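Here the structure comes first, spelled out in structure tokens, and everything after it is commentary.
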Amino acid sequence: MRQKIYVTRAIPRPAIEALEAEHDVIVNGEDRALTPDELRRNVAGCAAIVSLLTDRIDGPLLDAAGPGCRIVANYAVGTNNFDVPAATERGVALTNTPGVLDDATATHTIALMLAMARRIPEAERFLREGHWDGWKPMFFIGADVDHKVLGIAGAGRIGRNVARKARGFDMEIIYSDVEPNRAIEDETGARFVGKDELLARSDFLTLHVPLLPETKHYIGAAELRRMKSTAILINASRGPVIDERALVEALRENRIWGAALDVFEDEPALAPGLIDLPNVVIVPHIASATEGTRLQMGEIVSRNVLAVLSGEQPHTCINPEALGRRTVSQTAS
Ligand code: DGY
């Protein structure tokens with residue numbers, strides 16, 4: 001039986017077409033995130049919702065969808081927008097898109113590192129603004145990357161992928177996590193260190209920790225003071241992992257050499273003063289924005305939704321305990 005699916009914002013066509021082949025799909029036609037009120041109105045009576053990180057999925061939203069709602073499929077690997085207990089209690093499966101973003105995000109991390117180290121955006125602005133009057137020995141001197149120490153906070157799939165790519169620059173790799181990770185050590189020769197050593201020794205420090213209460217402001221004023229004055233901080237994980245106001249202060253006082261950021265504490269707002277600093281590269285949360293990655297994310301989303309709506313297990317469920325909570329009458333379609 002055809003069921004109603006609500007997609008909170010346009011995602012790649014092949015994913016929508018796969019859903020449309022079996023169900024009735026409504027896609028938010030506006031190119032903006034909807035307000036919670038709008039979302040609540042639009043999801044009424046849906047069996048599935050395809051959501052984004054910018055949509056808060058909580059009890060009131062699920063109640064507005066009604067008891068027929070069986071899955072919320074995030075078009076993201078992140079799940080910060082989910083109230084997991086609220087969904088589990090209601091027997092609603094929550095899914096994400098793990099794995100397919102790793103290469104794109106790790107490559108983007110390397111791009112950020114190189115862009116900041118070699119001052120590429122700054123030099124490009126200079127040229128475009130017509131200031132270039134010929135080769136000079138002493139301008140746009142950047143930081144060396146090859147053979148330097150790369151510190152990785154968080155040795156999950158993306159942190160490990162960054163380490164593998166950084167071996168091409170013959171970097172010494174140190175990492176910190178809640179416990180040592182044999183895979184990153186075996187693959188890259190990375191060495192497990194405590195946070196103190198990570199901060200003190202890294203020439204480049206890249207963050208790949210999940211956003212949890214314990215990792216909020218993992219880098220704050222105190223940590224920035226313990227970093228080298230020549231260090232570059234890179235963040236393509238989650239904005240709140242850095243105290244952005246403290247970072248602005250540190251960059252303003254040249255306490256570290258620079259930062260390259262894909263994510264921000266209060267997106268899409270930036271901390272006051274950040275945009276005016278010359279020693280920062282800032283891009284608008286685009287780490288996974290490659291054609292192939294976004295298509296694969298869409299494919300996972302549609303497979304998950306179609307599986308659940310036909311009574312099968314979703315492939316990447318983050319709350320499998322929700323699946324057992326539905327009564328036979330709720331699951332029959
Ligand atoms: C994610 O998927 O969590 C990214 O941050 C957005 O692509």
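This chain uses plain numbering: 1 for the first residue, then up along the sequence. Numbering of ligands and ligand atoms starts at 1, following listing order. All of these numbers come straight from a predicted model, not from anything done at the bench.
Looking only at heavy atoms of the protein, atom 6 (C) of ligand 1 is closest to H285 NE2, 3.6 Å. The single protein non-hydrogen atom nearest to atom 7 (O) of ligand 1 is S288 OG, 2.7 Å, given as residue, atom name and distance. Given atom 3 (O) of ligand 1, the protein heavy atom at minimum distance is R238 NH2, 2.6 Å.
Under the 30°/60° scheme for interplanar angles, the aromatic rings of F126 and F139 are found to stand perpendicular.
Look at E129 and R125 and you find no salt bridge, because none of the NZ, NE, NH1 or NH2 atoms lies under 4.0 Å from a carboxylate O.
Of the N and O atoms on the side chains of T8 and N28, not one donor lies less than 3.5 Å from an acceptor on the other residue.
Among the candidates V7, T95, V72, the single residue satisfying the side-chain contact (heavy atoms from CB on, under 4.5 Å) test with V50 is V7.
Taken from CD in E265 to CG in L274, the straight-line distance is 11.0 Å, to the nearest 0.5 Å. Rounding to the nearest 0.5 angstrom, the gap separating the CD1 atom in I26 from the OH atom in Y6 is 7.5 Å.
For G78, a nitrogen or oxygen atom sits less than 3.5 Å from a nitrogen or oxygen atom of ligand 1, counting backbone and side chain alike.
The residue V263 has no part lying near ligand 1, judged by heavy-atom distances below 4.0 Å. By the criterion of a heavy-atom distance under 4.0 Å, the side chain of L101, and not its backbone, is placed next to ligand 1.
When each atom of ligand 1 is checked for a heavy atom of V77 under 4.0 Å away, the hits are 1 (C), 2 (O), 3 (O).
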